[in-house]
Protein chains: 2
Amino acid sequence: MRKENSTNTLNKQQIDRDCGMSYTLNAIGGRWKPAILFRLTRGKMRYSELRDSIANVTERMLVLQLRELEKDGLIKRIVYAEVPPRVEYELTDKGNSLRPILRSLSDWGIKNRI
Amino acid sequence: MRKENSTNTLNKQQIDRDCGMSYTLNAIGGRWKPAILFRLTRGKMRYSELRDSIANVTERMLVLQLRELEKDGLIKRIVYAEVPPRVEYELTDKGNSLRPILRSLSDWGIKNRI
DNA sequence: CGGCATCCAGTAGGATACTG
DNA sequence: CAGTATCCTACTGGATGCCG
């Protein structure tokens, strides 16, 4: 840990920028979060639909990432009191506001990977 | 590992999307990469300037993340044959093309963190 | 059906000291 | 000035099995 730059007048704005980006990347940056979010932009989905549409994900990881997305307020978990049980996930307004960002991340990646 | 969904006609596009997002998030998603990239959007910077403007980063982590950004073709490392040595970093064209994405990530984060 | 519990491996990231 | 080298921790993600 070194001394911080106290003379750079742009520092506070930069820190805001850093924090903003960190917050966003933390919200969407999990191993399976982009896949989940992108599928939900097409509409409500059941747990089993998500599980079957995302290749190679384990149930443990799927649930963990769903819980984080829920905690961060990006998705809503809807439990139907039925037998057999049914659970659906859908984007919240906050989650929906990510749409353009998800698209641009995807577009940039498709264009720039070799 | 479970069976994959072979009936979903959207699957190939989804996989492209997933890969695109993963590629982008991998490129910019390191602990210090956003901070580095954002500073370089303001122009060329020396190693010591980066180090001093990013609070709490260790030299080891700074160098590691710079090397990855360089390997991914987002930044260029310019060594001047002087004594004392001088090294500057600047965005490549590929790095510059990230500007709008970095901005939207930052803006979304600033708006949505509590 | 939609999970949770347990255990485990790999790696991202960090502290500290040293160098061409 | 601009890095390496070494060692270490913690967290992410994975395999497997059980449950309401």
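Hydrogens, waters and symmetry mates play no part in the numbers below; they use all other heavy atoms, side chains included. As the structure is a computational prediction, the values presented were derived from the model and not from experiment. First the proteins, then the strands, lettered A, B, ... as listed; each starts at 1.
Taking atom CZ of A:Arg86 as the reference point, atom C1' of D:dG20 lies 19 Å away to the nearest angstrom. With rounding to whole Å, A:Leu25 atom CG is found 16 Å from C:dA12 atom P. Look at CG on A:Leu64: it is 15 Å from C1' on C:dC8, rounded to the nearest Å. Taking atom CE of residue B:Met61 and atom P of nucleotide C:dA15, one finds them 11 Å apart after rounding to whole Å. The interatomic distance linking A:Ile78 (CD1) with C:dG3 (P) rounds to 12 Å, in whole Å. Rounded to whole Å, the distance from CD1 on B:Ile54 to P on C:dG13 is 14 Å. Taking atom CG of A:Leu62 as the reference point, atom P of C:dA5 lies 16 Å away to the nearest angstrom. In this entry the distance linking CZ of B:Arg46 with C1' of D:dA2 reads 9 Å, nearest Å.
Taking only side-chain nitrogens and oxygens, A:Thr58 never comes nearer than 4.0 Å to OP1 or OP2 of D:dA15. At the phosphate of D:dG3, OP1 or OP2 sits under 4.0 Å from a side-chain N or O atom of B:Arg67. Applying the 4.0 Å criterion to OP1 and OP2 of D:dA10, one finds that B:Arg31 has every side-chain N and O outside that range. In this structure, B:Ser48 does not reach the D:dC1 phosphate: none of its side-chain N or O atoms is under 4.0 Å from OP1 or OP2. Proximity of A:Gln65 to the phosphate of D:dT12: no side-chain N or O atom is located under 4.0 Å from OP1 or OP2. Here A:Arg51 does not reach the OP1 or OP2 of C:dG3: none of its side-chain N or O atoms lies under 4.0 Å away.
Separation of atoms CD1 (A:Ile36) and CG (A:Leu66) is listed at 4.5 Å; rounding is to 0.5 Å.
Among the nucleotides C:dC1, D:dG13, C:dG3, the one closest to any side-chain atom of A:Pro84 is C:dC1. When each of D:dT4, C:dG2, C:dG14 is scored by its nearest atom to the side-chain atoms of B:Trp32, the top-ranked nucleotide is C:dG14. Checking D:dG20, D:dG13, D:dT4 against every side-chain atom of B:Val63, the shortest atom distance belongs to D:dT4.
Partner of B:Val57 under the side-chain contact (heavy atoms from CB on, under 4.5 Å) criterion, out of B:Glu59, B:Met61, B:Arg60: B:Met61 alone. Of the listed residues (A:Arg77, A:Arg42, A:Lys76), just one forms a salt bridge (charged side-chain N to carboxylate O under 4.0 Å, His left out) with A:Glu90, and that residue is A:Lys76.
Residues B:Asp107 and A:Arg17 are paired through a salt bridge, judged by an N-O separation under 4.0 Å between the basic side chain and the carboxylate. With respect to the salt-bridge test (charged N to carboxylate O, under 4.0 angstrom), the residues B:Asp18 and A:Arg39 qualify.
Within the 4.0 angstrom heavy-atom criterion, only backbone atoms of the sugar-phosphate kind lie near A:Tyr89; the bases stay farther away.
Side-chain atoms of B:Arg60 and base atoms of C:dG13 include a donor and an acceptor less than 3.5 Å apart.
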